[in-house]
2 protein chains.
Amino acid sequence: MTDSPKNDVSVAADEKKIPKAVIKRLSLYSRMLQELEHKNITKISSKELSDLLGMNPAKVRKDLAYFGQFGVPGLGYYVSELKAQIKRILRTDREIRVALIGVGHLGQALLAYGGFLRQSFRVVAAFDTSPDKIGRTFNGVKVMSTEHLEDQIRTLGADIVVLAIPAENAQATVDQVVRAGIRAILNFVPARIVCPEAIKVHYVDLGIELESLSYYLKD
Amino acid sequence: MTDSPKNDVSVAADEKKIPKAVIKRLSLYSRMLQELEHKNITKISSKELSDLLGMNPAKVRKDLAYFGQFGVPGLGYYVSELKAQIKRILRTDREIRVALIGVGHLGQALLAYGGFLRQSFRVVAAFDTSPDKIGRTFNGVKVMSTEHLEDQIRTLGADIVVLAIPAENAQATVDQVVRAGIRAILNFVPARIVCPEAIKVHYVDLGIELESLSYYLKD
DNA sequence: TAGATTGTTAATCGATTAACAATC
DNA sequence: TAGATTGTTAATCGATTAACAATC
C-alpha cells in the first residue's frame, strides 16, 4: 500500500493560492477605479470603494493583501496607483489578443461592447461560417471564414478565444483552437466543452441565469 | 449592554436555507435532463449526470436532497420524473413573464436565444428608445417605446425584467420597473444598480469575465 | 441474494467578515 | 498628537467532497 501524497510539495510551495473569487473582484475594482480616475478622484478608502460596489470593506483590503501592500494607513489608496497595480496583476497592462468565433447577435454585441475594446483587449480576428458575414467588417474587425481556423488563430497569435457559436459545433471548434495553441476560452455556448487542464475556460450561460432567477419569484 | 440576537427565530425556522449555488446547478440539471429525455434515456445515476456536467456525484445528490428524495437506491433517478420535480422547484413549470429593456445587439441575441423561449419563459414585451426599432418585430416580439414603460410593465404583468441598455440609463429604468411591481431583474448592464431588498437581482457582466480570464494567461 | 446507488453525516476546504494592533 | 484607515489574524459562515449505512 502506498502513502497518500500528503507531503508532496506541489507546483509552487511559496506562491500562495489566489481564490478565483478574488480575481473576479479585481476586475470589478479595476473598472471602478477607472471611473473614479475619470472623475478626478485621487484617493479612496476600502470603505468608500466597497460601498460603491455594494460589498464589505474588509473584503477589499484582504483581496488586495494577496498581492502586496498598496494602501496608506489613515488615508486609503491612491486611485491611479492602485489601478495600475491591479492592471499589472490582471495582466491587462499589456495587449491581450482575442479571437471571436461566431458573429451572430451575441458576437456582434461583444464586438460593440465598449469594455471589450477598452482595456487592453484587441480583437485580432472574427470568424463565421455564413457567407453573408464573411468579408464584412463589424466594429473595425473583418469577418473571416472558419475554413482555415486553426492556421489563422496560430498565425494571429490569439491568447483568448471567445466562443459564440451554436452548441453543435462547439467541441469541434474547441479542438481546433486548442491545437492552434490558444491559452484560454470564454465560452458563451450552453454546452460543456472538454479541453486540456492547462487551458482556462470560463462559462457564461445566459439561460441559466434567467432560469435560476425564476426560483426567487416565490411569494 | 444588550445581548446579541442569537436566539432570534428569524424569518422561517423550519424552511432550511438553500444555497444560491444549488439553485444555479438545478437549472443546469434541468437542461441536461431535457436533453437526455430527448435522447430517450429514461434513467440516470448521480455519477452519470455529474460526469456529463463535469462535477462531483455527491454534489448532485446533496443538491437534490435539499428538496426531497427523488431517486431509487441501486437504480438512480428517472429522467422525466426528476426533470419535472426540478422544474417544479425552479417554478419553471408555469409561465414566467419576461420584459426585455434594450433591443440592441445583446437584446436581440437574447430574443433569438433558444433557451430563452424554451422552458416557460415568455417575452411579453421589448422596449427601446430608438425610433428605428420601435414598432419593429424581433422573434415575434414587437418593440415598444420606453415612454410609458412603467404603465406597460404593470399592465403586462411582467415578473422579470432583463436589462440590456446603456449604463447611463440603468438606474432610472430600474426605478421605473420597481414601481411597476417587477419581482426580479437580470442585469447585463456593467453598473451597480440599487433597488429594494425584496427584488432579486442577478448581474451578468461580460467584460469582467474576459478581464479575469486574462489573469490566467501567465506562463 | 449480490450489486449498485441513494440519502445523509462528518470532514474538509474555501470565502467572508469582525476585530484590532500597527501605522500614517 | 488625535483621527483615520490600513494590513492581518482569528472567527464565522458557506460549499464541496468522502464515506457509508440504508435501500432497492
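Excluded from the calculations below are hydrogen atoms, water molecules and symmetry mates; all remaining heavy atoms, backbone and side chain alike, are included. Note that this is a predicted model, so its numbers are computed, not measured. Chain A is the first sequence line, chain B the second, and so forth, proteins listed ahead of strands; every chain is numbered from 1.
Nucleotide D:dG14 holds its C1' atom 15 Å from the CD1 atom of B:Ile23, rounded to whole Å. Atom NZ of A:Lys17 is separated from atom C1' of C:dA15 by 12 Å (rounded to the nearest Å). Per the geometry, CG belonging to A:Leu64 stands 9 Å off P belonging to D:dT6, to the nearest Å. Taking atom CD1 of A:Ile18 as the reference point, atom C1' of C:dG14 lies 13 Å away to the nearest angstrom. If you measure from atom CD of B:Gln69 to atom P of D:dA22, you get 14 Å, rounded to the nearest angstrom. Atom OH in A:Tyr77 sits about 13 Å away from atom C1' in C:dT23, given to the nearest Å. A straight line from CG of A:Leu82 to P of D:dG7 spans 9 Å, rounded to a whole angstrom. Atoms OH (B:Tyr66) and P (C:dT9) sit 12 Å apart, rounded to a whole Å.
Judged by distance alone, the side chain of A:Ser45 and the main-chain N or O of A:Glu48 form a donor-acceptor pair under 3.5 Å. When atom types are taken as modelled, the side chain of A:Glu209 and the backbone of B:Val204 share no donor-acceptor pair closer than 3.5 angstrom.
Here CG of A:Leu26 is found 4.5 Å from CG of A:Leu90. Values are rounded to the nearest 0.5 Å.
Across all their heavy atoms, A:Pro73 and A:Gly71 have their closest contact at CD-O, 3.9 Å. Shown here for A:Asp93 and A:Arg88, the closest heavy-atom pair between the two residues is OD2-CA, 3.6 Å. Nearest heavy-atom pair, A:Val201 versus A:Cys195, reported as atom, atom and distance to 0.1 Å: CG2-SG, 3.5 Å.
By the 4.0 Å N-to-carboxylate-O rule, A:Arg97 lies too far from A:Asp159 to be salt-bridged with it.
Residues of residues 38-62 of chain B having a heavy atom closer than 4.0 Å to DNA chain C, listed by number: B:Ser45, B:Ser46, B:Arg61, B:Lys62.
Residues B:Val177 and B:Glu150 have side chains not in contact (no heavy-atom distance under 4.5 Å, counting atoms from C-beta outward).
Residues satisfying the salt bridge (charged side-chain N to carboxylate O under 4.0 Å, His left out) test with B:Asp51, not counting sequence neighbours, are B:Lys47.
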- Query: Dot-bracket for DNA chain D, 5' to 3', counting Watson-Crick or G-U wobble pairs under 3.5 Å, with [ ] for crossing pairs and | for inter-strand pairs?
  - Reply: ..||||||||||||||||||||||

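Between A:Arg25 and the phosphate of C:dT16, there is a side-chain N or O to OP1/OP2 separation shorter than 4.0 Å.
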